[in-house]
Enquirer: 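This structure is in structure tokens; I'll ask about it shortly.
The figures that follow rest on heavy atoms only: side chains count, while hydrogens, waters and symmetry mates do not. Per chain, numbering begins at 1; letters A, B, ... match sequence-line order.
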Protein chains: 2
Amino acid sequence: MESAFGIIAEPNRRAILSLLASSERSVSEIEHQLRMPQPSVSKHLRVLREAGFVEARVDAQRRVYRIRPEPLMEVEAWLAPFRCFWSPHVDALERHLDRMGQTSHGKKKKEKKR
Amino acid sequence: MESAFGIIAEPNRRAILSLLASSERSVSEIEHQLRMPQPSVSKHLRVLREAGFVEARVDAQRRVYRIRPEPLMEVEAWLAPFRCFWSPHVDALERHLDRMGQTSHGKKKKEKKR
DNA sequence: CAGGTATATGACCTAAGCGGTATATACCTG
DNA sequence: CAGGTATATACCGCTTAGGTCATATACCTG
């Protein structure tokens with residue numbers, strides 16, 4: 001997995017990161033809150049750890065994971081040159097997110113021009 | 001390709017987007033500037049277009065592509081909860097990016113160093 | 001030490017995605 | 001209309017990543 005972008009392409013990994021954003025958690029906490037099988041959690045955590053997104057603290061048998069911000073800052077940095085497109089479209093984002101929210105997978109064939 | 005994150009996981013697609021960030025371009029312009037085969041460019045542009053990252057304007061035989069910001073805003077929005085981690089680590093980003101620079105990447109594109 | 005809990009790893013399978021080549025379509029110019 | 005340029009698509013083979021199941025390792029407690 002080359003870059004930070006490849007790492008966060010995985011929905012479960014994003015879910016783990018979002019969960020850890022609020023506070024650090026043990027593997028089993030992640031497992032239960034996200035309702036995913038434990039080997040899968042461990043595997044994703046390994047990927048995240050090796051890519052520098054998280055780090056683990058040992059607490060008895062538990063490993064408590066927490067965010068490390070650098071790789072996400074890299075994403076943020078890549079995004080910077082596009083910021084100038086934001087301002088005319090601040091409202092458009094909400095419409096976009098709305099559309100994303102309800103239609104689980106709206107496939108569009110035809111493109112429209114304006 | 002489920003989400004916007006999956007789309008930008010591809011390095012060539014990120015390169016195309018970064019190129020379009022400065023100004024709109026035709027397919028052949030992208031092809032030459034990024035030195036990638038034309039079918040590959042068209043294929044990536046299709047993915048980007050169907051995901052809403054770009055749109056095309058027809059100009060004779062050319063298709064001129066330009067950025068549409070919504071999906072990138074979605075990424076930005078997802079990133080927001082992690083911003084609170086930034087401030088103590090502003091300097092750490094540079095060290096991180098330096099390390100990234102020397103990792104083995106067979107491909108080198110026109111990367112700009114901060 | 002035994003037994004239990006927490007986490008990591010390995011093997012296997014499947015599917016998706018990318019690169020490459022060849023070809024099709026669209027449009028322009030003379 | 002012919003020939004040329006610009007772009008899109010179809011097909012194929014390969015690699016890789018993710019899910020699942022089984023098992024291994026680590027640590028705690030009685």
Enquirer: So, the side chain of B:S18 versus the backbone of B:R14: is there a donor-acceptor pair under 3.5 Å, distance only?
Expert: yes

Enquirer: If I take atom CE in residue A:M36 and atom C1' in nucleotide D:dC21, what distance separates them, rounded to the nearest angstrom?
Expert: 15 Å

Enquirer: Quick one: A:E10 CD to D:dT16 P, roughly how many Å, whole number?
Expert: 18 Å

Enquirer: Does B:E55 reach the side chain of B:R49, with side-chain heavy atoms less than 4.5 Å apart?
Expert: no

Enquirer: Between B:H44 and C:dG19, does any side-chain N or O lie under 4.0 Å from OP1 or OP2?
Expert: yes

Enquirer: Using the rule salt bridge (Lys or Arg N to Asp or Glu O under 4.0 Å), only one of B:R62, B:R66, B:R63 pairs with B:E24; which is it?
Expert: B:R66

Enquirer: Just by distance, do the side chain of B:E29 and the backbone of B:S26 share a donor-acceptor pair under 3.5 Å?
Expert: yes

Enquirer: Could you write out each protein N or O paired with an N or O of nucleotides 2-9 of chain D at a distance under 3.5 Å?
Expert:
| unit_1 | atom_1 | unit_2 | atom_2 | d |
| --- | --- | --- | --- | --- |
| D:dT7 | OP1 | B:V27 | N | 3.4 |
| D:dT7 | OP1 | B:R63 | N | 3.3 |
| D:dT7 | OP2 | B:S28 | N | 2.9 |
| D:dT7 | OP2 | B:S28 | OG | 3.1 |
| D:dA8 | OP1 | B:Y65 | OH | 2.6 |
| D:dA8 | OP2 | B:S42 | OG | 2.8 |
| D:dA8 | N7 | B:Q38 | NE2 | 2.7 |
| D:dA8 | N6 | B:Q38 | OE1 | 3.3 |

Enquirer: For DNA chain C, write out the stems as range with range, using runs of 3 or more consecutive Watson-Crick or G-U pairs with both distances under 3.5 Å.
Expert: C:1-30 with D:1-30

Enquirer: Could you pull out the closest heavy-atom pair between A:I8 and B:F5, with the gap in Å?
Expert: O-CB, 3.6 Å

Enquirer: How close do A:F82 and B:A21 get, counting heavy atoms only, and between which atoms?
Expert: CE2-CB, 3.5 Å

Enquirer: Report the residues that fulfil side chain to side chain contact (heavy atoms under 4.5 Å, CB included) with A:A4, sequence neighbours left out, ordered by chain and then residue number.
Expert: A:F53, A:P71, A:E74, A:V75

Enquirer: Could you tell me which non-hydrogen atom of A:Y65 sits nearest to which non-hydrogen atom of A:L20, and how far apart they are?
Expert: O-CD2, 3.5 Å

